[in-house]
Participant: 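Input: one structure, supplied below.
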Protein chains: 2
Amino acid sequence: MQLDLIPGGFVLSLQGREILRHTATAPALFVGKGEERMDMYRGNFDIEDYVVERTALSHVTVSGKRIEFAVAEGLPARFALTIEDNHILTTALDSSINRVWLRISAEPDEHVWGGGEQMSYFDMKGRRFPLWTSEPGVGRDKTTEITFKSDVSGKAGGDYYNTNYPQPTYISSRKYALHVETTAYSVFDFRRDGFHEIEVWAIPERLELFTADSFIELVGQLSSRFGRQPKLPEWVYGGAILGLKDGENSFARMEKMRAAGVKVSGLWCEDWVGLRHTSFGARLFWDWQANETRYPNLREKIAELNNEGIRFLGYVNPYLCVDGPLYPIADEKGYFAKDEAGKTALVDFGEFDCGVVDFTNPEAAAWFAEEVIGKNMLDYGLSGWMADFGEYLPIDVKLANGVDAKLMHNAWPTLWAEVNAKAVTSRGKTGEALFFMRAGFTGVQAHCPLLWGGDQSVDFSRHDGLVTVMCGALSSGLLGNAYHHSDIGGYTSLFGNVRTPELIMRWAEMAAFTAVMRSHEGNRPRDNVQIDQDAEVLSHFARMTSIYVHLAPYLRKLSEEAAATGLPVQRPLFLHHENDRNTYAIQDSYLYGRDLLVAPVWQAGQSERTLYLPEGETWVHVWTGATYEGAQSVTVPAPLGQPPVFYRASASDTSLFEAMRTL
Amino acid sequence: MQLDLIPGGFVLSLQGREILRHTATAPALFVGKGEERMDMYRGNFDIEDYVVERTALSHVTVSGKRIEFAVAEGLPARFALTIEDNHILTTALDSSINRVWLRISAEPDEHVWGGGEQMSYFDMKGRRFPLWTSEPGVGRDKTTEITFKSDVSGKAGGDYYNTNYPQPTYISSRKYALHVETTAYSVFDFRRDGFHEIEVWAIPERLELFTADSFIELVGQLSSRFGRQPKLPEWVYGGAILGLKDGENSFARMEKMRAAGVKVSGLWCEDWVGLRHTSFGARLFWDWQANETRYPNLREKIAELNNEGIRFLGYVNPYLCVDGPLYPIADEKGYFAKDEAGKTALVDFGEFDCGVVDFTNPEAAAWFAEEVIGKNMLDYGLSGWMADFGEYLPIDVKLANGVDAKLMHNAWPTLWAEVNAKAVTSRGKTGEALFFMRAGFTGVQAHCPLLWGGDQSVDFSRHDGLVTVMCGALSSGLLGNAYHHSDIGGYTSLFGNVRTPELIMRWAEMAAFTAVMRSHEGNRPRDNVQIDQDAEVLSHFARMTSIYVHLAPYLRKLSEEAAATGLPVQRPLFLHHENDRNTYAIQDSYLYGRDLLVAPVWQAGQSERTLYLPEGETWVHVWTGATYEGAQSVTVPAPLGQPPVFYRASASDTSLFEAMRTL
């Protein structure tokens, strides 16, 4: 980085890109004090800040690589930045400061991406993004009835920025990336002309900057920084992971689907732990071991499945219910987070209470990895699981490491991922056992082998439907999460909103062109149509699994590429077409590797789709063989079963792609 | 006021009441800079502030009555307060400042009232109140379907603090009042312990302080400060003002109601100007003169009515539609507010455009008072009118006085009231012609003889129904608005929400114990039951008008008292029971003068009501004669027709009150 003095201030640049520009009249740094109000309702937060003070630090003194900031000349410096290679270290010189606002130089036509896994807006320019892990919300659009009803019934409606996986990192179209190393509540505000404003409710550790000549290289740097996932397990290429939670009946239903031509790589039964019956309906029993009542002889059945090349997957989360056998063991060892009074903190999950295993206690984390995940799951025969929650750490518990839970809240998903990864590693199953998470934060990349896009509503809605999964894949993919997938057919069915056969089929068409195909019965299986209940859906799904399996050689190469370079499987169009700025804001189509362009139909009742083809390539429409030159919008027919997919005419695998037509 | 120096600061007191306490570590003053975003949608505003700077001015220098504030010793002062008698003058010494936050000392158990006409919360402690005149909202409760639908369809749902009549003035239970003299957007924040925070989006002119040994005296001081209304016109005591908008059919309907026993003082026909037919339904024709088509021979009919002791009232607002005859006259004279380009600014009111008469131009104001209200209304024979709007001044117009429309927006209701009052005065009809307004701001008291509570929904809802009218009467009454009334039966019927007979009857029961009884057909007369369409409602209404007329001698005394002392007709219980703190937060019952306590039934399906009777009196239940000692909650039967009303056993008018039983 280069630090240049100018009258009354300085300019800090990174390989010719201006990052900070400070003068007395246009200061780059504000500090102050806030008093936050944070209320949590089952993973949804109501957060408000009373900004008591926000003071411009107008006067700077530069000595070497250290910049000291004061309110005015002659007053003591209140803050310092130290420039080190590609880092900016931040130091508060005044202990009253608990808010920092930093203005990063911006250009009017700049685009910004990232912020973790963002579900509504891929290009973040023009909007403000609080970064705090939480439930993403149901509906996520204050103009919809579903959002309204969710807000009223449980403050659960959410908004465009709510996500299970925030991360204070962005990539700019100016070909640099900026990461704020902090776990505090922070905000990226891209609404202003001339600057991006970064707000942190603490003194951040540092700002990290990255730059490269190409976006591909930049993404590779971020992957190296945050951690790289292993290759996909070989077994995944065998077909879809079927999500069923029907007790032992799940096996028969799977066989029926296989008989109908569905290619299956795994059977995922989240109810493997058994059920609890509440007034809200059946819930899982939050004690993590096989339930012989619901799944008799499960160990043997898993072995039989494995013999047929099919894996079995389960479910786990970081809580233990008070009425399960694991709770007293962990409680006796003091492994739970505590309340104000020093007793085990109990969290109400709806007619049952749980303890929170305190992963800041290395012993507790090791115990959970070895005794729970290691012995009860991996040793039992599970090849994977949903590692749920992670975004729920209550902000008022007391933790073993002594750090304020408000500062550990965002860190929790990564700690949770680490516990899961440690268990997998202990059994030598890295790259073989596959767990998937929706929650994330900085560093989750190093531990979590697969993201899933969280709980979409079972619809085509703009902010909580099928289309949001692409946004989640693209934004998280740029930050080093190579593998993303979602619940085929969506998850959340509330207030009479139910799946249509069309929705499942459109979702499956998209999922065939992602890292992993996995279905889910949703939160209300009996109220919603299931894949095996509709002949047309079943047949369509079978064909999509055939396409997925057909493309396995290509996906395997993408996985090798991901492991080698950190490039994600699903990529924004601009990643390979960085000179075509028309691609910069596209979030409803993506490259599946460099060679395939996928533009899923994400609205109901469509028979065609319009999409943009990037410049510099000739694109071949998979189903018709029609060719199109890039740098134009085209409209193609898109009946059910023919999602708009194109391949590069100059790709090496064209025969593989052409052969999709015959499936 | 007394200014005492303490280490590092000062304490400012008013007759022993601490108002400001400043030290270096707990400063009382913050200044800074904000960049507001204000979007208006037909009288509803979406407002957000980007606080760029908020700096504590910790260091003070006191010399005589002037206090200068700086960030730190040795730095130039940025702000000054000058203490003069009961005023605090504010002076910015730094031209960049456009936000001021002042912390007023507060006590934990303090109550605060005022803020103009507040419709949801009478006791403002614990909440934040932006003060900006606007539509009050439909539903005004983000948890209700009506609010949600209103928000989605027109950003019109509103919230608890939205009001047609805000005023930056409050009364504290510590027996002082504080007024901020400014027309800028401001906020009273009563949520903190230890201080109230006053926020102003400009440099206020000054803070005015009032104190007295009793609340009654304090209210009298405010009335003297803001202006006092004349006595009610004698004709009002004759009965209800019937709101009908049925063209000439209105006369026949009035006669039918009179024949059914309804006592009538006036007939109010807002459609006297004729109708415009839009896709939303019939709207008034916004050109202010009698419409011969809709009301043939109106002048003669008014004269006939007057002979029977009944007055005729109309409607006016500060806009002129482009297709009416008045528009070209005003436009030719240049009387309209201008747009950026210097042309007449046109405001879309829904399929028709209007000009805004620019009341900052004295010629335009005089023209409107003389030519429109004077000649077309008063000289024509009108005895009163609804002076509607006032809260709609667009914030982007250019005004003749050169002041930013954002600073004139709050001032507009008072300017509008002044135009109306000037017309009335010019005809010598002060205290005789009665216009009523919903919009208000500081000083409206001096011009507007009667408030009306705005457009409630036609329901019993907590934040937009019958009960809110009491809150409006009590809060505005404390600030010198002696007379308040409302639309009997409510006004706004949207999304299938319609009046019930019960609602009209309960509303009439309350209205009989207010300054003026007036009915309204509502925004959708044909979808909602009307008083004359239901025999039970009609008979009930007739009886309530008899009670109103029966109480006229008492009301006349209250009116004389109001003119003499500024005491409102409807009073919070604590006004006469200031030692009984149980009364301080009561907003669903009121004193109608000192002698009557009225506790209207404001929920549906009630057969009794519980209410609190203040200490120090024996209270007699009007309908049963049962007596109760004060200082207790009592539950009394409250069938339709017997609103819970009590009189003081020691009152001088007990025989008048007793006689209500016979009506």
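Chain identifiers are assigned alphabetically (A, B, ...) following the order of the sequence lines, protein sequences preceding nucleic acid strands; residue numbering begins at 1 within each chain. Just so you know, these numbers come straight off a predicted model, no measurement behind them.
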Participant: Using non-hydrogen atoms and a limit below 4.5 Å, what part of residues 40-55 of chain B faces chain A?
Facilitator: B:Glu48, B:Tyr50, B:Val51, B:Val52, B:Glu53, B:Arg54, B:Thr55

Participant: Between A:Arg192, A:Arg191, A:Glu73, which shows the greatest number of heavy-atom pairs under 4.5 Å with chain B?
Facilitator: A:Arg192

Participant: I need the minimum non-hydrogen distance between B:Phe148 and A:Lys142, along with the two atoms involved.
Facilitator: CE1-O, 3.3 Å

Participant: Among residues at least two apart in sequence or on other chains, which ones pass side-chain hydrogen bond (donor to acceptor under 3.5 Å, both in side chains) with A:Ser153?
Facilitator: none

Participant: Contact part of A:Arg37 toward chain B, heavy-atom cut-off under 4.5 Å: side chain, backbone, both or neither?
Facilitator: neither

Participant: Please look at A:Glu145 and chain B and tell me whether the side chain, the backbone, both or neither of the residue comes under 4.5 angstrom of a heavy atom of that chain.
Facilitator: both

Participant: Heavy-atom distance under 4.5 Å to chain B: side chain of A:Thr144, backbone, both or neither?
Facilitator: backbone

Participant: Got a sec, which residues hit salt bridge (Lys or Arg N to Asp or Glu O under 4.0 Å) with B:Asp455, two or more places apart in sequence or on another chain?
Facilitator: B:Arg438

Participant: Among all residues two or more places apart in sequence or in another chain, which pass the side-chain hydrogen bond (donor to acceptor under 3.5 Å, both in side chains) test with A:Lys149?
Facilitator: none

